[in-house]
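Structure record follows, encoded as structure tokens.
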Amino acid sequence: MKGDKEIRHRPHWFEQFLEGWSVFWQNPLGKIGVTLLGIFALMAFSSFIPPLVNPMYHPMTGVDPEIYSSVGPSARHWLGTDFMGRDIFSQLLAGARIAFMVGVSAAFMSIFLGTAFGMIAGYMGGFVDTLLMRLADVIMVLPTLLVVLILASLFGQLNIWTIVLIIALFRWPGVSRVIRSQALTLKQRPFIEAARVAGASHIRIIFRHIMPNVLPLAFLYMTFRVTAAIIIEAALAFLGFGDPGTVSWGMMLQWVWKTGHMFKALYWLLPPGICISLITLSFYMIGRAMDEVLDPRLRREETAR
Amino acid sequence: MKEETGTSFLSFDGVSKFYLSRGRMLGGSGRQVVALNRLTLDIRKGEIFGLVGESGSGKTTAGRLIVRLEEADRGIISVEGQDVTHLKGKRLKDFRKRVQMIFQDPYQSLNPQLSVLDTVSEPLLIHRVGDRLSRAEMVMNALQSVGLSPPGDFVHRFPHQMSGGQRQRVAIARAMVLRPDFVVADEPTSMLDASISAQIFNILLEMQKSLGITLLFITHSLAAARYLCDRIAVIYRGNLMELGPADDVIQRSRHPYTRALIDALPKFGQCGETERFNTFLKAERESSSTVGCAFFGRCSIANRILCSQEVPPFKTVSPGRRVACFFAEEQGKNLTASKTCHYGI
Ligand SMILES: Nc1ncnc2c1ncn2[C@@H]1O[C@H](COP(=O)(O)OP(=O)(O)OP(=O)(O)O)[C@@H](O)[C@H]1O
Ligand SMILES: [Mg+2]
């Protein structure tokens with residue numbers, strides 16, 4: 001122990017994360033992606049403000065008493081209003097909140113499922129492994145959007161959380177494959193054998209020894225899942241299968257289309273369209289930057305003994 | 001120190017272990033590797049028993065069979081008369097409280113995500129020993145006794161914040177914290193440099209004395225075994241070749257394989273060519289893996305007909321001293337590290 005070198009008592013995974021983050025931040029794609037995402041996060045957080053300023057700015061129920069049809073941008077309505085006089089700007093902010101909610105919660109749930117199934121399959125091996133991976137294969141080849149559409153037409157309007165749940169249930173297989181292969185190599189490592197010799201149960205080994213070692217990877221994979229969830233929700237809403245009780249960008253697009261304002265009111269059509277494109281782009285760029293972080297780091301782990 | 005009597009603590013009785021080699025994956029038939037071949041030996045209570053052999057001779061396999069990381073394919077392993085070969089469930093867990101292992105590579109045997117406190121207290125947690133406070137105290141004591149002091153400096157460290165020697169001490173603390181009856185130490189110093197190795201040896205010796213642990217020390221170095229062990233068994237390709245008190249096996253070795261191992265030890269001082277046994281054949285002779293002596297293929301004193309056809313019996317040449325060689329009695333040449341020639345570790 002060197003006197004001048006202070007030893008920081010931080011968990012290893014946290015240092016791994018910090019180190020990965022610094023590599024990530026070197027990458028221009030990562031920087032742009034994170035900046036864009038920051039702007040959307042800001043939008044989502046400030047979505048609570050307009051209704052407080054004036055009830056007519058409520059994205060769902062607030063109607064400007066003096067306006068009865070869609071009008072263009074003004075000082076009173078920065079991005080104009082929709083067909084019944086609701087403020088488009090405040091709808092856009094609310095849409096950001098929904099996008100994050102849907103994206104992050106669906107991604108979180110699918111990562112949770114994928115990590116759990118991946119760890120169990122990789123660690124247990126044999127029959128359990130085969131069963132889980134066949135299931136993953138079957139789900140992986142099902143087109144998520146189509147299945148959700150069929151479900152929606154069978155059960156009528158779907159609640160936003162139901163949509164989130166369905167997206168999560170259909171998006172875990174990809175993650176579980178990655179986590180499984182990690183678990184496969186981890187279970188050969190002597191520290192797992194040391195735990196077995198100490199008498200650790202399978203549950204304990206999975207949660208105490210394997211999970212902390214796959215979590216950094218799982219969290220990095222979350223970003224990919226967020227994009228998919230947002231796009232699926234937007235598509236559903238646009239096609240008319242969204243949750244009518246929420247204001248999402250997809251819903252906004254659907255209202256534009258349904259009321260016949262598609263090419264007459266660009267101030268109404270463009271903002272949600274651009275937002276959907278940009279938020280998926282930002283997650284995509286973050287994902288690409290993470291690829292570059294992950295790859296060499298995985299290799300370094302292999303050699304840096 | 002080396003009494004011929006002593007109650008047996010752990011015994012192997014005709015234990016065999018086979019592995020299928022990887023050839024199977026490429027479509028070829030899986031070739032069977034015999035990692036251990038009918039190993040029979042007793043380890044006495046309280047002793048340090050050395051298992052010596054070159055790489056691939058099955059030393060680690062023997063250790064893994066004891067701590068039940070693998071299961072024997074044939075034979076019986078018993079601890080204090082109780083058959084533990086195929087224990088399951090709760091009885092296996094209870095058994096694991098008594099038998100621990102120290103692994104070869106301290107860079108691989110500690111979970112990088114767990115702090116020293118978490119790693120060393122895990123066995124206590126698993127076996128529900130004590131409460132939070134008393135566990136922390138036991139961890140501190142264990143760290144202190146492996147020379148990590150003050151323990152407060154180490155408990156919150158992670159493996160990447162420690163040297164190899166410090167990591168191995170943590171691994172020893174983890175093995176000792178439950179105060180087991182028996183510990184397998186699998187080449188615990190092969191990844192460490194010489195001065196750290198000597199420290200680790202002394203820690204093992206001290207712990208064995210203070211806790212009365214029976215220790216199986218696995219090594220490829222006869223010199224290390226001699227320094228540490230009361231008795232030594234020499235194995236070659238899974239076959240037991242020679243067994244006896246440590247000094248006796250090295251000073252009056254009788255098996256040509258043991259002698260080849262002694263030849264291979266680094267020597268210091270004036271060691272002429274006369275100080276060598278030269279029992280290793282330069283070129284390996286063609287031999288069958290199923291009949292005859294396992295060492296026949298590389299033995300310079302072998303009788304072509306006898307040794308290639310018959311397995312030499314594991315006979316007692318003097319009390320507590322057994323050798324598996326037809327020519328054990330005739331081997332007159334005794335070499336010891338003399339005043340002018342010393343064996344290194
Ligand atoms: N899991 C396994 N699968 C196939 N073969 C194995 C396996 N484990 C060990 N073996 C084989 O069994 C034999 C004995 O191996 P073991 O690891 O016990 O040797 P060792 O004496 O510990 O060697 P070293 O000094 O290199 O550690 C070797 O031939 C090895 O190739
Ligand atoms: Mg070994």
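In the text below, chain A, chain B and the rest are named by the order of the sequence lines, each starting its count at 1.
- With a threshold of 4.5 angstrom between heavy atoms, B:Arg68 approaches chain A through N, CA, C or O but not through any side-chain atom.
- Shown here is A:Phe108, whose CZ atom has no more than 12 heavy atoms of other residues, nucleotides or ligands within 6.0 Å.
- For B:Lys90, the NZ atom counts as loosely surrounded, since its 6.0 Å shell holds 12 or fewer non-hydrogen atoms of other residues, nucleotides or ligands.
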Applying side chain to side chain contact (heavy atoms under 4.5 Å, CB included), run through A:Asn213 and B:Asn111 and close with a yes or a no.
CA-CA 9 Å; A:Asn213 284 289; B:Asn111 187 338; 3.2 Å; yes
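- With a threshold of 4.5 angstrom between heavy atoms, B:Leu110 approaches chain A through N, CA, C or O but not through any side-chain atom.
- Counting heavy atoms from C-beta on, the side chains of B:Pro159 and A:Phe191 never come closer than 4.5 Å.
- In this structure A:Leu29 satisfies the side-chain contact (heavy atoms from CB on, under 4.5 Å) test together with A:Asn27, A:Met285, A:Arg288, sequence neighbours excluded.
- If you measure heavy-atom distances from A:Arg196 to chain B, the contacts under 4.5 Å come from both the backbone and the side chain.
- Residues of residues 118-129 of chain B lying within less than 4.5 angstrom of chain A, judged on heavy atoms, are B:Asp118, B:Glu122, B:Pro123, B:Leu125, B:Ile126, B:His127 in numerical order.
- Identified by a heavy-atom distance below 4.5 Å to chain A, contributing residues of residues 135-150 of chain B are lacking entirely.
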Please test B:Leu114 against A:His209 for side chain to side chain contact (heavy atoms under 4.5 Å, CB included), starting from the C-alpha separation and ending with a verdict.
CA-CA 8 Å; B:Leu114 295 190; A:His209 293 279; 3.6 Å; yes
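- Residue-environment remark: NE2 (B:His86) exceeds the threshold of 12 foreign heavy atoms within 6.0 Å.
- In this structure, A:Pro190 and B:Asp105 have side chains that are not in contact, with every pair of non-hydrogen atoms separated by 4.5 Å or more.
- Contacts of residues 92-104 of chain B with chain A at a heavy-atom distance below 4.5 Å involve B:Lys93, B:Arg96, B:Val99, B:Gln100, B:Met101, B:Phe103, listed in sequence order.
- Within a 6.0 Å sphere centred on CZ of B:Phe18, other residues, nucleotides and ligands contribute more than 12 heavy atoms.
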